[in-house]
Number of protein chains: 2
Amino acid sequence: MGEKPTAAAAVTSADVARLAGVSRATVSFVLNNTQEHRVSETTRARVLAAAEQLGYVPHAAARSLRAGRSNLVLIPASVSAAGSLVSAWVDDLESELERHGYVLVLHAGRFPDPVSSARAWAELRPAAVVALDGDSLSGQAVEVLSRAGVRGVLAFASREVPGAHTVDFDQSRIGALAVEHLVARGCRKVGVVMPQERGLGTFARPRLAGAEGVAARSTATVTPVDLSYTHESAAELAARWRELGLDGVFAYNDEYAALLLHALRNEGVSVPGDVAVVGCDDLVLSALQQPPLTSVRLDLPTPAQVADALHELVDRGARPEVRGMEPFLVHRQSS
Amino acid sequence: MGEKPTAAAAVTSADVARLAGVSRATVSFVLNNTQEHRVSETTRARVLAAAEQLGYVPHAAARSLRAGRSNLVLIPASVSAAGSLVSAWVDDLESELERHGYVLVLHAGRFPDPVSSARAWAELRPAAVVALDGDSLSGQAVEVLSRAGVRGVLAFASREVPGAHTVDFDQSRIGALAVEHLVARGCRKVGVVMPQERGLGTFARPRLAGAEGVAARSTATVTPVDLSYTHESAAELAARWRELGLDGVFAYNDEYAALLLHALRNEGVSVPGDVAVVGCDDLVLSALQQPPLTSVRLDLPTPAQVADALHELVDRGARPEVRGMEPFLVHRQSS
DNA sequence: CACCTGCGGTAACGCGTGTAACCTTGGTAG
DNA sequence: CTACCAAGGTTACACGCGTTACCGCAGGTG
């Protein structure tokens, strides 16, 4: 009686060595073609053949355990929290990092506080961590990562995060830019949509803060309004729109903006007549809305630049310059 | 002169042991509170204090190396390839897997063929692999994974993948359903949008095949039309719409459908008068289009069910039943 | 006094790698 | 003949961890 049907033990370099009739060291020399050590053509061929035949693939964990450093780059973010804009960016970053021999990995655990999150990430012992929502990264969390041997932490954040390499990425400027625009268009009572979906709060709160900062320097007021990404929630919000008395709204996102736009129309609220609407991300679909959506566009640093910087950071511990995010407004008919 | 400023060596359990004045074994017993071994309250406290003070976090790789099994579950997919529907699903799956002690990780490398892709995934030695695009998974690729000690491969695919646990997920049924509907609505010359974005081909091709299958059993014809997710591409396609002479189109996706919808309107092509349009995913925004978009909705197996099945697969090698995907049509005014 | 019986702790091994150090062999110069 | 060398191979160790076996010691029992 065998074990489980597919209990084929994992193939190790020792198996390859055995089959090729050489030592494990030789196998290692061949497969990594180490320059410091010569190995004859015939045995090299034998080893390669054996590896091929067994379908050997090295064990990354063991390798980096031995090497004392991993080639993992971790982006601690949930898949859905990234809009389509950021998703595409992350994809490109992955390709760029591959050029340098890194493996990019996406993983967010759900944890109450930054430190226990950091602890979970640290278990993977990545070479570097790229925090897109760097503002939710405490200095203490970075400390945890550092103590775990993470060589570089790149934080996209508005404020300097102690111990991390910070790239300017001030979410509050987005809210500020949107509300500045709305105020300039004559709005006096501006709403700011707070999405209720999990994971979005870390982006939404600073955007609200930026909006409030602008309002404080003008005669306008800012009111946060909760909105879930469902028809029901949007309809419910639109239904009490007149009593809210808002004449402008920054909708967090183009997607939330589009949702709100349609709910308002159903309610007979005219855009931009009764209320001006501004979104964010300048998605492809935004220009297609009725009316076309004014949006804050984010110019992200190029993935190639970030990948290079990351490599610098991990390899030489340098503190490379990375241009930050530069938001600007794309004006269309919704405002 | 010191090394790099932040060259703090990673904290290991040996450091904790040293500080607590006990052996490494004791540290391990305490931190994993092993039931087989008693340890006095006082030393337990000392160990915990030391671990806390040093900010110790275990090394997942070393742990699973020793244990002979990892707790990694790999989803080999690029972030952007997953639409918002799937993203949310993946997020939930992550939570469910966490309950079982697994760590879900997203990582796609860009490789030419399935086998070298599989090789890259296998390096991480995950406990399981969940292939959302299981149809691009060859039996040979599964073999590679299996040889690397991956305990379970869950493939969402239309056909049985040798060696993998297949969950029925027939993309071609989506295309078939859409075209069946279009034909029933009187369409004779049906277009099928082929998105040009990388990574989408594996989903688009079977959908086209399903569409063609339906057409073959009717008097209608199917024509693939290329479309990139940009205004320019859509406008260019819409411009030559009349010469294409299509009276129905399955647009792959609600997002591509919406893009096409607007381009067609700009060109003066009426929907559904001149051409009926069907999308897929039934996104929140789809009902809000002008006209509201008919869409194929996918009923995915619940994340909880998949997580349980995965655990079964990894832990007991069982072959649990997982209900497959069940697509159905949501009819609106665009067709 | 010899003997078992928990209790609380430690030494030591192995997981799969990469590499520094060493060993063997044949060829060649002194 | 001895000394040396380069080429091509192997042995041995460490990376951080979990676990098995063992050990000292106290207190009870025959």
Side-chain angles (χ1 to χ4, degrees), chain A residues 9-18 20-47 50-51 54-72 101 122-127 147-150, chain B residues 9-18 20-47 50-51 54-72 101 122-127 147-150:
Chain A
V11 177
T12 78
S13 74
D15 297 324
V16 177
R18 205 155 18 239
V22 296
S23 78
R24 217 173 41 66
T26 303
V27 171
S28 180
F29 291 141
V30 170
L31 296 184
N32 303 322
N33 42 4
T34 311
Q35 299 303 332
E36 282 71 34
H37 210 85
R38 309 283 333 153
V39 48
S40 78
E41 250 345 288
T42 66
T43 57
R44 145 165 285 125
R46 272 220 314 283
V47 168
L54 293 178
Y56 170 73
V57 27
H59 192 308
R63 185 191 290 235
S64 50
L65 182 60
R66 157 70 215 205
R69 49 146 69 207
S70 83
N71 65 340
L72 238 54
E123 287 192 16
L124 294 177
R125 291 293 192 278
R147 298 280 262 261
V150 175
Chain B
V11 176
T12 79
S13 75
D15 297 324
V16 176
R18 207 156 15 239
V22 297
S23 78
R24 218 169 44 66
T26 304
V27 171
S28 182
F29 290 141
V30 170
L31 296 184
N32 304 321
N33 42 3
T34 312
Q35 300 303 331
E36 282 72 34
H37 210 83
R38 309 286 329 155
V39 48
S40 77
E41 245 352 283
T42 66
T43 57
R44 149 166 284 126
R46 272 220 313 284
V47 168
L54 293 178
Y56 171 73
V57 26
H59 192 308
R63 183 191 293 237
S64 51
L65 182 60
R66 157 69 216 212
R69 49 148 67 208
S70 84
N71 64 341
L72 238 54
E123 288 192 16
L124 294 177
R125 292 292 193 280
R147 298 280 261 263
V150 175

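Each chain gets a letter, A, B and so on, in the order its sequence line appears, and its residues count up from 1. Remember, it's a predicted structure, so these values are computed and weren't measured experimentally. In what follows, every heavy atom counts, from backbone to side chain, and hydrogens, waters and symmetry copies are set aside.
- When each of A:Thr34 and B:Glu41 is assigned the nucleotide of DNA chain C with its nearest heavy atom, B:Glu41 is the one assigned upstream, toward the 5' end.
- Base engagement by B:Thr26 is indicated by at least one non-hydrogen atom pair under 4.0 Å involving a base atom.
- Going from atom CD of A:Gln35 over to atom C1' of C:dA20 covers 17 Å, rounded to whole Å.
- Side-chain nitrogen and oxygen atoms of A:Thr43 include at least one within less than 4.0 Å of the OP1 or OP2 phosphate oxygen of D:dG9.
- Contact check, B:Ser40 against C:dC7: no side-chain N or O comes under 4.0 Å of OP1 or OP2.
- One interatomic measurement links the two molecules: CZ of A:Arg38 to C1' of D:dG9, which rounds to 13 Å at whole-angstrom precision.
- Screening B:Val39, B:Val22, B:Thr12, B:Asn32 against B:Val27 for a side chain to side chain contact (heavy atoms under 4.5 Å, CB included) leaves a single residue, B:Val22.
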Given protein heavy atoms under 4.0 Å, the one-letter contact record of nucleotides 11-18 of chain C, with B base, S sugar-phosphate only and - none, is simply B-BBBBBB
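- With rounding to the nearest 0.5 Å, the separation of CZ in B:Arg44 from CZ in B:Phe29 is 11.5 Å.
- B:His37 has its NE2 atom 13 Å from the P atom of D:dA21, to the nearest Å.
- Rounded to whole Å, the distance from CG on B:Leu31 to C1' on D:dT19 is 15 Å.
- The CG atom of A:Leu65 sits 10.0 Å away from the CZ atom of A:Arg125 when rounded to the nearest 0.5 Å.
- In this structure, A:Arg147 contributes its side chain and B:Leu54 its backbone to a donor-acceptor pair below 3.5 Å.
- Applying the side chain to side chain contact (heavy atoms under 4.5 Å, CB included) rule to A:Ala60 yields the partners B:Glu123; only residues at least two apart in sequence or on another chain are considered.
- Annotation: side chain of A:Val30 is not in contact with side chain of A:Arg46 (no heavy-atom distance under 4.5 Å).
- Atom CG of A:Asn33 and atom P of C:dT19 are 12 Å apart (whole Å).
- Per the geometry, CD belonging to A:Glu123 stands 13 Å off C1' belonging to D:dG16, to the nearest Å.
- Residues meeting the side chain to side chain contact (heavy atoms under 4.5 Å, CB included) test with A:Ser64, sequence neighbours left out: A:Ser70.
- The CZ atom of B:Arg46 sits 12 Å away from the C1' atom of C:dG8 (whole-angstrom rounding).
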